[in-house]
Amino acid sequence: MPTKLHPALIGFTVIVFFFLVGPLVIVVGSALSDTTYLTFPPQGLSLRWFQNIFEIDAFRRTILTSLQVAVISTFVALIIGIPASYAMSRYRIQLPGWLSTLFVLPVLVPELVLGFSLLKNLAFQFNAPIYLSLIIGHTILILPYVIRVISASLASFDFSIEEAAISLGSPPLKTFFTVLLPNVRSGVIAAFILAFITSINDVSISIFLTGPGISTLPIQLLAHMEQFFDPTVASVSVMLMVLTVAVMATVERTLGLTFLAK
Amino acid sequence: MTKPLSIRNITAHYGQTKVLEDLSLDIGEGELVSLLGASGCGKTTTLRLVAGFLQPTSGTITLGGKDLTRLPAHQRDIGLVFQNYALFPHLSVADNVGFGLKQRGVSGEAKTKRVSAMLERVGLAHLADRLPGALSGGQKQRVALARALVIEPPLLMFDEPLSNLDAKLRVDMRVEIRQLQRANGTTSVYVTHDQEEAFSISDRVAIMHAGKIMQLDTPENLYQRPANAFVARFVGFENLIPMKVVGRDGAQITAEAAGGVKLTLGLEHFGAIPDNFVLACRADGLAVTDNMAVEGIPTTLGLRTYLGRAYQYQSETAAGTLVANGPLSRPLEPGSLAKLVPVPDQCTILSVE
């Protein structure tokens, strides 16, 4: 027998769902419009605004830059974040309490302030190349997420498992890769997705760090909007959405989304 | 394969706190010694020092003559069984058991053979392909046991292995552990806070307190002849009565307790009795009687509780409150006068430290 739901609960659920999905419907609708301006509901159906993305050289270049920056900074953040989370979980008692707070601090600083300070220091002080600045900036931006997610999955890890492996003759470093990592795989994957998506969608930091010749997709999108108010904006947004969904779906197909619940 | 373990003058600290003080312990080849004590007594610290997860401040640990003190944990070749099983959640039962063999370069058929033989021995052959998550607590602990035994370690160590199991299973498993340990003849250290478990499974038991071994002896000796007041209380001598010999007469002595109570004790049971001593009696060792003519400790009975096999009384005496048992056939009322008669079999003599 199905459980009877309270009408108010159903109503509330519908409202939440509407607010969540509504904007997406409008964006997708606008992207499919045949008009030269943004409109909803779409007038006429066309894919030409999607085609338009790839016809504009700036979009082609920035898509590539965005993907490169997202992939590289995500990997860098994982390489820093996994050992850091491990150390903070493993030696929680010995380490001072403020250490874990330190690693999540970038989340508390307004991103615009972070972006500005990176611009001032990296670009002006050290004359760092734009590409490198972007990677450093994004790594700092996503590192707190990586650490948070991996720490959460390490919180349920029983470190006596590690000791069991060591007692059976597995050296500590090998144990880290063969025993610890496979058991926090779900956390690492979740961190990867979160970091990747955060990086690829970032505006507030990138806007300070992009410069002549090198830009990321969201920044290019803003620049484009200032000059043209055509549905390209919507089609790029849809593309970003599809990319995000594709990443999630790939993970779901290969590993199952149960990792998020784990 | 099995080797004797020798711990010599180990002192260990956690930060500034001293957790073990000048601890020495020798465990013979094939012997099972339990470290027994309340939490914080240093028993787990001792085990972790031997395993190599902690470093002592001073002292040495040798296994079969080989100095382990500064050897990294993964080179010590010790089989460990943990309280929470510590199975690898991502590996099947067979791979869990085979983990140690893999580290030792045993692979292919040789590995498969040894793993299945080991699983057979712990009665889990039919579960070889399961993941640990799908096992019951008892099964998990059997896998952990198999995993530690299959590498044929010269030393096995158990860290409260049965604490997470229910009472019935605990008894079955400890018999099983003992049988496997006996059959392999592996030198073993067994950490537990459960007295019955320690006594039932061990060749010798070390009762620990505040980072020291209070007494190391066979379960029988600990239970019947504790060496000091701490161990006496620990093994259930609830009444400790300080006494002074006032007269010696051949095979008997007369001793006086606080309040001028005199008791006659036979040397044939207690052996030599020093001039100042403590008479330690279990509750069963002080028989309650309302026959005021016999020699005993005069008392006013207090709270009476029903134990099933006897009545227990909180008894006020000149030597303080004592706990004594009286027969079911003659329940005595709280407040009534009675005498407590020491039962030699359930009492022992402690020398005054």
Side-chain angles (χ1 to χ4, degrees), chain A residues 82 85-99 149-192 251 254-262, chain B residues 14-15 17 44 47-48 50-54 68 71-92 95-106 131-133 140-141 143-153 155-161 164:
Chain A
I82 294 172
S85 314
Y86 169 80
M88 283 189 291
S89 306
R90 182 85 173 81
Y91 304 104
R92 197 177 50 239
I93 302 154
Q94 290 99 314
L95 292 172
W98 50 261
L99 196 69
V149 173
I150 293 176
S151 293
S153 96
L154 276 170
S156 60
F157 181 79
D158 174 8
F159 283 98
S160 59
I161 291 170
E162 199 187 40
E163 290 182 344
I166 291 171
S167 78
L168 289 167
S170 172
L173 192 65
K174 187 178 170 195
T175 304
F176 181 83
F177 288 104
T178 57
V179 174
L180 188 120
L181 273 190
N183 282 301
V184 294
R185 192 183 63 174
S186 55
V188 174
I189 293 164
F192 180 91
V251 171
T254 50
L255 301 155
L257 268 182
T258 41
F259 75 86
L260 285 178
K262 208 171 155 188
Chain B
Y14 276 132
T17 326
T44 298
L47 180 135
R48 294 178 64 78
V50 177
F53 299 137
L54 291 174
L68 294 186
L71 202 66
H74 68 276
Q75 291 171 12
R76 293 197 180 190
D77 203 21
I78 294 171
L80 268 173
V81 180
F82 296 81
Q83 177 176 356
N84 42 13
Y85 323 123
L87 299 179
F88 309 122
H90 62 300
L91 297 179
S92 70
D95 287 341
N96 261 280
V97 175
F99 189 92
L101 293 176
K102 204 169 133 193
Q103 308 307 318
R104 281 157 181 75
V106 182
L131 285 177
K140 281 183 191 172
Q141 201 51 290
V143 177
L145 196 57
R147 183 178 67 177
L149 281 171
V150 77
I151 60 172
E152 293 170 8
L155 176 68
L156 260 178
M157 297 205 291
F158 300 85
D159 188 9
E160 308 232 7
N164 289 356

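Here is the naming used below: chain letters follow the sequence lines, and residue numbers restart at 1 for every chain. All values reported here derive from a predicted model rather than from experimental measurement.
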- Message: Heavy-atom pairs under 4.5 Å with chain A: which of B/Arg76, B/Gln75, B/Arg147 has the most?
- Response: B/Arg147
- Item | Interface moiety of B/Leu91 toward chain A, non-hydrogen atoms closer than 4.5 Å | neither
- Query: At their closest point, which heavy atom of B/Ala73 faces which heavy atom of A/Ile166, and how far apart are they?
  - Reply: CB-CG2, 3.5 Å
- Message: For A/Lys174, give me all partners under side chain to side chain contact (heavy atoms under 4.5 Å, CB included), at least two apart in sequence or on another chain.
- Response: A/Ser170, A/Pro171, A/Thr178, B/Gln103
- Are any of the side-chain heavy atoms of A/Asp158 and B/Asn84 separated by less than 4.5 Å? yes
- Query: In Å and rounded to the nearest 0.5 Å, what is the CZ to OG1 distance from B/Phe88 to A/Thr175?
  - Reply: 8.0 Å
- Any sub-3.5 Å donor-acceptor pair from B/Arg104's side-chain atoms to A/Leu168's backbone N or O? yes
- Kindly write out the residues that satisfy salt bridge (Lys or Arg N to Asp or Glu O under 4.0 Å) with A/Glu163, not counting sequence neighbours, or none if the list is empty. A/Arg90, B/Arg48
- Task: Specify which of B/Phe53, B/Tyr85, B/Phe82 makes the most heavy-atom pairs with chain A at under 4.5 Å.
- Result: B/Phe53
- Is the shortest heavy-atom distance from the side chain of B/His74 to the side chain of A/Ser167 under 4.5 Å? no
